[in-house]
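All remarks here apply to the structure that follows.
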Number of protein chains: 2
Amino acid sequence: MSERFHNFSAGPAVLPVPVLEEVREELLCYPGAGASVMEISHRSEAFDAIHAMAKDNIKALLNLPDDYQILFLQGGASLQFSMLAMNFLNGGAADYVECGTWAQKAIGEAKKHGTPRIVWSGKAENFKRMPRPDEVSVGADAAYLHLTSNETIQGVEMFDLPDAGKTPVFCDASSNFLSRPTGITKYALMYAGAQKNIGPSGVAVALLRKDLLERVPANLPSLLDYKLMAENDSLYNTPPCFGIYMIGKVTGWIRNTIGGLDAMEALNRKKANLLYSVIDASGGFYKGHAEVQNRSLMNVTFILDGGDLEKRFIKEATAAGLDGLKGHRSVGGCRASIYNALPLEGVQALHDFMVEFQKKNG
Amino acid sequence: MSERFHNFSAGPAVLPVPVLEEVREELLCYPGAGASVMEISHRSEAFDAIHAMAKDNIKALLNLPDDYQILFLQGGASLQFSMLAMNFLNGGAADYVECGTWAQKAIGEAKKHGTPRIVWSGKAENFKRMPRPDEVSVGADAAYLHLTSNETIQGVEMFDLPDAGKTPVFCDASSNFLSRPTGITKYALMYAGAQKNIGPSGVAVALLRKDLLERVPANLPSLLDYKLMAENDSLYNTPPCFGIYMIGKVTGWIRNTIGGLDAMEALNRKKANLLYSVIDASGGFYKGHAEVQNRSLMNVTFILDGGDLEKRFIKEATAAGLDGLKGHRSVGGCRASIYNALPLEGVQALHDFMVEFQKKNG
C-alpha cells in the first residue's frame with residue numbers, strides 16, 4: 001500500500017482511518033450477511049440494522065427530538081436547494097442570507113420555484129463575514145429563512161443565528177455538520193452533503209421537523225417529495241446503501257471514539273487555532289480571508305502574495321505530504337480544510353510547515 | 001472473515017469477487033493518490049482518470065458512437081423517470097409500453113409532467129410477456145417511446161424491439177444493462193441504476209444521444225437538467241465518486257476478464273438455461289412465470305405451490321447458502337436473480353438444489 005498524505009481536500013474529504021480499516025475488513029463479507037454491504041438488499045435485516053445505526057448515531061449526537069425525521073437522500077446539497085424550494089417555496093416567497101458561493105447557488109435554484117429574497121448579503125464585502133443576528137430581519141410572509149452555516153469556499157462560519165421568530169429556519173450545513181453542538185431545535189430543516197464531515201459523496205442527510213410535511217404539495221417527482229421519502233423512511237427506492245453504511249461508521253466514530261460533539265468541537269477548535277495563530281503571528285505574510293468573529297473551524301482560507309510565492313507554497317507543501325491546499329478555482333488563494341476526521345497531527349504538520357516556509361521566504 | 005453466500009438478490013446485487021478484492025486492496029490508499037478514493041477531490045487528476053476509465057469501458061463494451069453522452073447521475077432509475085419527463089415530455093405526449101412494475105412506475109412519474117400514453121399493456125396477462133414488435137405502434141406526435149428492457153419483478157425481458165420510426169426510443173435498462181449486446185444506436189436514451197449489473201446503489205448511468213440536448217427546456221432544477229449535466233461531464237456538483245469508481249472496476253471486469261458483451265451473453269444464457277431447464281423438466285413442480293420467448297436472462301421467476309412448500313423451499317435454500325430467493329414483496333413466489341457477476345457455480349448450486357428438493361418433495 002502506498003503512503004497516505006495529510007489530506008486538506010475540501011470535499012470529498014478525509015475520513016477517519018479506523019473507519020476505513022473497518023470497512024476494508026468487512027468489504028467482501030459484512031458480518032453475518034454472507035455478502036458485501038454493497039451486495040445486500042436494502043430491505044434485508046442486515047441493512048435495516050445499518051440504517052438504524054446511522055439514524056441512531058445522528059439522533060444521539062444532536063439530541064434530536066422525536067418530531068424530526070432523518071432522511072438519507074441523493075443529489076447532494078445541490079439537489080436539496082431545488083427540493084426544499086419545490087416542497088416549501090412552491091411559488092411563494094422566502095428569505096435567504098447570501099453569505100457566500102453556496103448560498104448563491106441555493107438562491108439560484110430557488111428562483112426557479114418562487115421568489116427568494118436576499119435579506120442580507122456579504123457580497124459587497126467579498127464574503128468576509130456572516131451577518132450579525134441584528135442585521136437580519138425576516139419577512140412576515142416568508143415561507144422560511146435559509147442560512148448556510150459554513151461557506152466552504154470563503155471559509156466563513158455562522159456562530160450566532162438570526163432570530164427568525166416563528167418562521168422556519170432552513171440550513172445548509174454541508175461543511176460543518178456534526179462538527180460541534182448546534183442547538184438543532186432552532187432549525188426546521190438542516191441538510192448536508194456527506195462528503196465533508198460524515199461520509200463519502202453520493203448521499204445527503206436531511207433533518208426535517210415533521211410538522212413541515214403537511215406543507216408538501218401534491219404531484220412532486222417522487223424522489224423530490226419529502227413527505228413520500230419520510231413515509232418510506234428513505235427507502236422509497238433503493239437508497240445509496242454504501243453511503244448510509246459509511247455515515248453510520250463515521251457518526252459512530254464521532255460518538256464513541258471522539259466522545260460526542262462537545263469533544264469534537266474542542267478538537268476542531270484546537271486544530272483551527274493552530275492555523276489561525278500562525279496567520280495572526282505572521283505579520284501579514286499569511287493574510288486570512290475571514291473576519292476573526294466568523295473564521296471557519298472547518299475551512300481556513302488565506303493568501304500569500306497571490307502569485308509565485310503562493311504557487312511555491314502549495315507546491316512545496318504538496319511535496320511535504322500536505323495535500324489539497326489550493327483554494328477553490330473560483331477564488332484562488334489557499335485553503336486548508338480541516339474537517340472532523342483530519343487528525344491533529346496533520347494540522348500540526350501544516351502549522352510547522354507554514355512557520356518554516358515563512359522563515360525561509362519571509 | 002465470515003463466509004460468502006451464493007447471492008441471488010435482485011438488487012443491490014452480487015458483484016465480481018475479483019473487483020471487491022481490488023477495492024479492498026485500494027481502500028485506504030488509492031495508488032498514487034495518498035488517500036482513499038472516497039477522500040479525493042472529484043476535480044483531481046486521480047479522479048479524472050477513474051471517471052475516464054468508467055466511460056471508456058462503457059463506450060468500448062457498447063461500441064457507443066461519439067454522438068452519445070455518458071452521464072453518471074444520482075437518484076437511481078426512479079429519478080430518471082422524472083428527469084426524462086421533465087426534459088423531454090414537458091407538457092406533451094409520449095408513448096409508453098406497460099410491461100411490468102417498473103414500466104408502471106415510469107408512467108406514474110411521467111403523468112406529473114405531461115401525457116404518457118400506454119401503447120401496449122401486459123397487465124391483463126399478469127405481465128407474462130413483452131409485446132411483439134408488431135403489437136406496438138407509435139403516435140406521430142409522441143415525444144418518445146419508452147421501454148423497459150427487463151422487468152426485474154416479473155422476470156420478463158425484451159429481445160425484439162418495436163419499430164418506432166423516427167421517434168426517439170428511451171429505455172430503462174436497469175436490470176439488464178451490459179448483460180448482452182443491445183444495438184445501442186436503436187436507442188436515443190438508455191439509462192440504468194447501477195445496483196444490478198455494474199456497481200453499487202447510489203449511481204445511475206444515462207447514455208444520451210447528444211442531439212436530444214437541444215430539446216431540454218430552460219430553468220429545470222440544475223441536477224435534473226441533462227444539458228447542464230452534459231456540459232459539465234457529470235461534474236456540475238460532487239458526483240457519487242465511489243460509485244463511479246466501482247462502475248469503472250466492474251465494467252473493466254466485463255471488458256477484460258469476461259471478454260466483452262458477446263462472452264457475457266454466452267455466460268448469462270448458460271446460467272439462465274440451467275435454471276429454466278429444471279423448471280421445464282419439473283412437470284409443473286416449479287412453474288415459471290414468464291412465457292418462454294420473454295424469459296429473462298437476469299431474473300428467473302417461478303412459483304411452487306404458493307404456500308408452505310414454497311416457504312420451505314426458500315428456507316432450506318437459504319440454509320444451504322443460496323440467498324435472496326424470495327420473490328418481490330408485491331408478487332410473491334420465488335425469484336433467482338442471476339446478474340452478470342453471479343458465477344456459474346452459484347447457478348449450478350441452485351440448479352442442483354432445485355433438482356434435489358423436487359426429488360424429496362415432488
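Both backbone and side-chain heavy atoms feed into the values below; hydrogens, waters and symmetry mates do not. Throughout, protein chains are lettered first and strands after them, A, B, ... in sequence-line order, and every chain is numbered starting at 1.
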Under-4.0 Å salt bridge between B:R24 and A:E25: no

Interchain contact, B:H113 with chain A, by part (heavy-atom threshold 4.5 Å): side chain

Residues A:S222 and B:E109: side-chain donor-acceptor under 3.5 angstrom: yes

Atom pair CD/CG of B:E39 and A:N7 - distance to nearest 0.5 Å: 5.5 Å

Residue part contacting chain A, namely of B:K105, when any heavy atom lies under 4.5 Å: side chain

Largest heavy-atom contact set with chain B, pairs under 4.5 Å, which of A:G193, A:P240, A:G321: A:P240

Closest-packed option against chain B by number of heavy-atom pairs under 4.5 Å, given A:G202, A:A218, A:S9: A:G202

Residue B:A13 versus chain A: region with a heavy atom under 4.5 Å: backbone

CD/A:E22: more than 12 non-hydrogen atoms of other groups inside 6.0 Å: yes

Residue B:I40 versus chain A: region with a heavy atom under 4.5 Å: backbone

When A:H6, A:R43, A:E21 are compared by non-hydrogen pairs under 4.5 Å with chain B, the top option: A:R43

Evaluation steps, side chain to side chain contact (heavy atoms under 4.5 Å, CB included), between B:F242 and A:Q195: CA-CA 11 Å; B:F242 186 76; A:Q195 70 271 15; over 6 Å; no

Heavy-atom closest pair, residues B:M38 and A:P12: O-CB, 3.4 Å

Residue part contacting chain A, namely of B:E26, when any heavy atom lies under 4.5 Å: neither

Leading residue by heavy atom contact count with chain B [cutoff under 4.5 Å; candidates A:S201, A:G76, A:P239, A:G324]: A:S201

Structural part of B:S41 lying under 4.5 Å from a heavy atom of chain A: both

B:L223 to A:L79 - nearest heavy-atom pair and separation: CB-CD1, 3.7 Å

Under 4.5 Å from a heavy atom of chain A, the part of B:F81 involved: neither

Selection from A:L220, A:V203, A:I244, A:V37 maximising heavy-atom pairs under 4.5 Å formed with chain B: A:L220

Which atom of A:N237 lies closest to which atom of B:G75, heavy atoms considered: ND2-O, 3.2 Å

Which portion of B:M83 sits near chain A, non-hydrogen atoms under 4.5 angstrom: neither

Heavy-atom pair with the smallest gap, counting every atom of B:M86 and A:P221: SD-CG, 4.3 Å

Among the listed options A:L27, A:L73, A:V23, the residue most often paired with chain B at heavy-atom distances under 4.5 Å: A:L27

Where A:D323 and B:A33 come nearest, the two heavy atoms and their spacing: OD2-O, 4.4 Å

